[in-house]
Amino acid sequence: MILNFSKKVMDYDVVVIGSGPGGYVGAIRCAQLGLKTALIEKYDTLGGTCLNVGCIPSKALLDSSEHFHNAKHNFDKHGIGVSSLKVDMKQMIARKNEVVEQTCGGVKFLMDKNKIDVHHGLGSFVDKNTIRITPAKGKPTTITTKNTIIATGSKPNYFPGMEPDKKRIITSTEALNLTAVPKKMIVIGGGVIGLELGSVYARLGTEIEVVEFADSIIPTMDRELGKELTKVLKKEGFKFNLQHKVQKVENKGKSVVVTALNKKDEEVSFEADYCLVAVGRKPYTEGLGLENAGVKVSERGQIETDNHLRTNVEGIYAIGDVVKGAMLAHKAEEEGVYVAEMLAGQKPHIDYNLIPGVVYTWPEVSAVGKTEEELKAAGVNYKKGSFPMRALGRARASMDIMGFVKVLADAETDEVLGVHMIAPRAADLIMEAVTAMEYRASAEDMARICHPHPTFTEATKEAALAATDDRAIHS
Ligand code: FAD
Ligand code: NAD
């Protein structure tokens with residue numbers, strides 16, 4: 001154990017501030033390891049961004065809208081007739097809220113099961129071992145702790161001129177609660193949130209106009225993914241304005257107007273019912289009283305940590321969206337477990353190269369490891385094998401023929417270095433690649449594994465065969 005033992009008797013071994021996937025998972029692991037643990041959450045419900053206004057509600061709406069889209073555009077091809085199809089937005093949101101409520105309730109159950117004390121209120125440092133809890137109503141209390149894990153997450157980011165008013169200029173949080181299907185929505189940012197929530201509304205009939213600063217959508221992922229996803233989403237009715245610099249966004253009462261400079265530096269404007277600002281998220285440290293404990297924050301607002309998620313103050317750790325790295329729920333969870341196990345004297349490990357990324361469009365986009373651009377920049381001699389979904393019997397059976405799987409492997413050793421795909425259920429399919437890479441498999445290893453037929457997974461085998469020595473069977 002490397003617990004921060006002090007002569008003073010403390011209320012807790014560990015206090016976790018923030019109940020998102022980083023915080024609540026970290027708290028459970030601490031409790032499993034026998035540490036007396038408390039969790040502080042400022043809101044009434046547990047689960048953080050992910051469960052309340054992030055991963056879970058967005059996926060619930062993505063599923064609902066996908067059903068509608070299929071019923072409208074694809075059922076007839078299956079020989080299924082549907083008359084008087086309509087969207088009941090109130091019911092769609094109510095179902096989403098029910099999913100959120102059940103999932104957040106599940107976290108409460110897990111806290112009770114693991115005997116973790118939950119305190120509702122804003123957590124702030126009085127000093128490095130004392131935390132004040134200020135509830136929405138009632139008097140503040142204080143608790144003492146040997147160790148603290150800061151897991152306070154992130155909030156939507158925006159730039160000058162595009163400040164959300166939460167009425168017509170909205171963030172993901174408001175976009176998850178619209179009461180009617182808008183006619184038109186401008187989405188600033190062609191990243192994950194913009195394309196996922198844009199998909200929800202495009203499928204329900206909203207005209208989606210994306211205004212993106214970079215020269216591609218999902219610009220940080222492998223470039224071929226951005227190209228293929230552009231084709232997919234254009235079919236769904238998305239319009240893309242790349243290399244556009246947003247100047248200002250104005251709420252005109254019944255509409256919103258976005259003014260931007262295009263790549264020729266000409267001023268262009270777009271008008272719609274709503275403007276969704278989706279240009280990234282920023283770490284959230286407001287009200288934490290970091291200065292009282294002496295915890296350092298970087299220029300980007302992230303809590304500074306070393307490779308073991310330790311802040312500059314002994315006994316204080318930080319994880320998830322509030323520290324550097326991908327802002328992903330599963331990354332936050334891994335970090336929560338890491339700190340808990342380290343506190344218990346274990347030697348945990350996280351391979352940040354193997355944290356998969358997913359975009360929940362349809363088909364889904366997923367990736368793990370290095371992109372082609374990263375391999376080129378690092379001067380790695382690599383080979384590549386691709387397999388198109390349209391060549392797969394399973395994909396034709398479900399009319400999911402767009403997309404591909406691409407396997408990148410070291411040209412000399414054949415070790416798999418990256419896998420990138422656009423495919424139905426790619427979010428689940430990517431796990432084969434993550435597992436293979438965790439065990440440092442070669443492309444040939446992946447290609448030699450028997451894959452069930454007919455499944456979407458066969459595309460991964462075929463792409464691995466193509467990478468091995470250009471011997472895909474079905475293309
Ligand atoms: P958070 O989940 O942000 O939780 C932090 C918690 O701390 C909050 O509950 C907050 O209220 C609380 N808190 C903050 N300050 C204090 C304080 N001083 N005292 C007490 N409590 C405090 N990621 C994925 O991996 N997959 C997805 O599909 C996905 N979809 C997303 C969709 C949307 C629309 C959004 C916005 C995000 C999505 N994300 C997704 C990102 C994911 O939600 C975050 O990466 C994840 O929630 C980060 O977890 P965390 O524990 O670090 O922080
Ligand atoms: P993002 O970083 O994915 O995308 C932001 C996009 O906005 C980028 O394409 C960027 O080039 C663009 N942009 C930045 N400034 C701009 C400007 N001034 N004008 C126009 N475009 C601009 O961020 P996000 O979509 O807001 O998502 C935030 C975080 O939440 C991400 O880090 C993501 O990992 C996480 N998230 C994950 C999932 C998932 O895992 N499926 C889903 C939603 C959100």
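Remember, it's 1-based here, ligands and their atoms both numbered in the order they're listed. Quick caveat, the model's predicted, so the values are computed rather than measured. FYI, side chains are in, hydrogens and waters are out, and symmetry mates aren't considered; it's all heavy atoms of this structure.
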Margin query: Only heavy atoms of V211, strictly under 4.0 Å: list the atoms of ligand 2 that pass.
Written below: 20 (C), 21 (N)
Item checked: Test: R168 cationic atom under 6.0 Å from Y274 six-membered ring centre, within 45° of axis -> yes
Next item on the list: Provide the number and element of each atom of ligand 1 under 4.0 Å from a heavy atom of C50.
Entry: 2 (O), 43 (O), 47 (O)
Notebook entry, point to check: Between E341 and K347, is there a side-chain N and carboxylate O pair less than 4.0 Å apart?
Noted result: no
Next item on the list: Output the list of atoms in ligand 1 that are nearer than 4.0 Å to some heavy atom of A151, sorted by atom number.
Entry: 5 (C), 6 (C), 7 (O)
Next item on the list: Would you kindly specify which portion of F213 sits under 4.0 Å from ligand 2, judged on non-hydrogen atoms: side chain, backbone, both or neither?
Entry: both
Check: Does any N or O atom in Y43 lie less than 3.5 angstrom from one in ligand 1, N or O only?
Finding: no
Notebook entry, point to check: Taking both backbone and side-chain atoms of Y360, is any N or O found less than 3.5 Å from an N or O belonging to ligand 1?
Noted result: no
Item checked: For F159, the ligand 2 atoms whose distance to one of its heavy atoms is below 4.0 Å -> 15 (N), 18 (N)
Next item on the list: Would you please determine whether A326 falls within less than 4.0 Å of ligand 2 on a heavy-atom basis?
Entry: no
Notebook entry, point to check: Which atoms of ligand 1 have any heavy atom of G48 under 4.0 Å away?
Noted result: 2 (O), 4 (O), 8 (C), 9 (O)
Note to self: Please list, in number order, the atoms of ligand 1 under 4.0 Å from a heavy atom of G121.
What the structure shows: 19 (N), 20 (C)
Notebook entry, point to check: When you measure from atom 39 (N) of ligand 1 to each heavy atom in A332, G54, G123, C55, which option holds the nearest one?
Noted result: C55
Check: For atom CZ of R281, is the number of surrounding heavy atoms from other residues, nucleotides or ligands below 6.0 Å larger than 12?
Finding: yes
Notebook entry, point to check: Mind checking whether V246 has an N or O less than 3.5 Å away from an N or O of ligand 2?
Noted result: no
Check: In terms of side-chain geometry, is the basic nitrogen of E224 or K406 positioned less than 4.0 Å from the acidic oxygen of its partner?
Finding: yes
Check: Ion pair present between E372 and R223, side-chain N to carboxylate O less than 4.0 angstrom?
Finding: no
Check: Would you say V53 contacts ligand 1, with heavy atoms under 4.0 Å as the rule?
Finding: yes
Checklist line | Residue S58 vicinity, atoms of ligand 1 by number, heavy atom under 4.0 Å | finding: 32 (C)
Item checked: F213, CZ atom: more than 12 neighbouring heavy atoms under 6.0 Å -> no
Checklist line | Per-atom contacts of ligand 1 with Y284, taking only distances under 4.0 Å to non-hydrogen atoms | finding: 14 (C), 15 (N)
Item checked: D13 with K146: basic N within carboxylate O range, under 4.0 Å -> yes
Margin query: Is it the case that ligand 2 has an N or O less than 3.5 angstrom from some N or O of Y360?
Written below: no
Check: Any N or O of G22 that comes nearer than 3.5 Å to an N or O of ligand 1?
Finding: yes
Item checked: Contact check, M162 vs ligand 2, heavy-atom distance below 4.0 Å -> yes
Note to self: For E286, is the CD atom crowded, meaning more than 12 foreign heavy atoms sit under 6.0 Å from it?
What the structure shows: no
Check: Which ligand 2 atoms, with their elements, are less than 4.0 angstrom from a heavy-atom of L328?
Finding: 34 (O), 37 (C), 40 (O)
Check: Is V359 in polar range of ligand 2, meaning some N or O pair under 3.5 Å apart?
Finding: no
Checklist line | Side-chain ion pair, E209 and K184, N-O less than 4.0 Å | finding: yes
Notebook entry, point to check: With atoms numbered from 1 as shown, which atoms in ligand 2 lie under 4.0 angstrom from a non-hydrogen atom of I188?
Noted result: 19 (N), 20 (C)
Notebook entry, point to check: Can K231 and E228 be counted as an ion pair, charged N to O under 4.0 angstrom?
Noted result: yes
Check: Looking only at non-hydrogen atoms, which of D321, V323, N52 approaches atom 52 (O) of ligand 1 most closely?
Finding: D321
Margin query: If the cut-off is 4.0 Å to any non-hydrogen atom of S154, which atoms of ligand 1 fall inside it?
Written below: 3 (O)
Check: So is there a nitrogen or oxygen of M327 less than 3.5 Å from a nitrogen or oxygen in ligand 1?
Finding: yes
Checklist line | Electrostatic pair D112-K108, nearest N-O below 4.0 angstrom | finding: yes
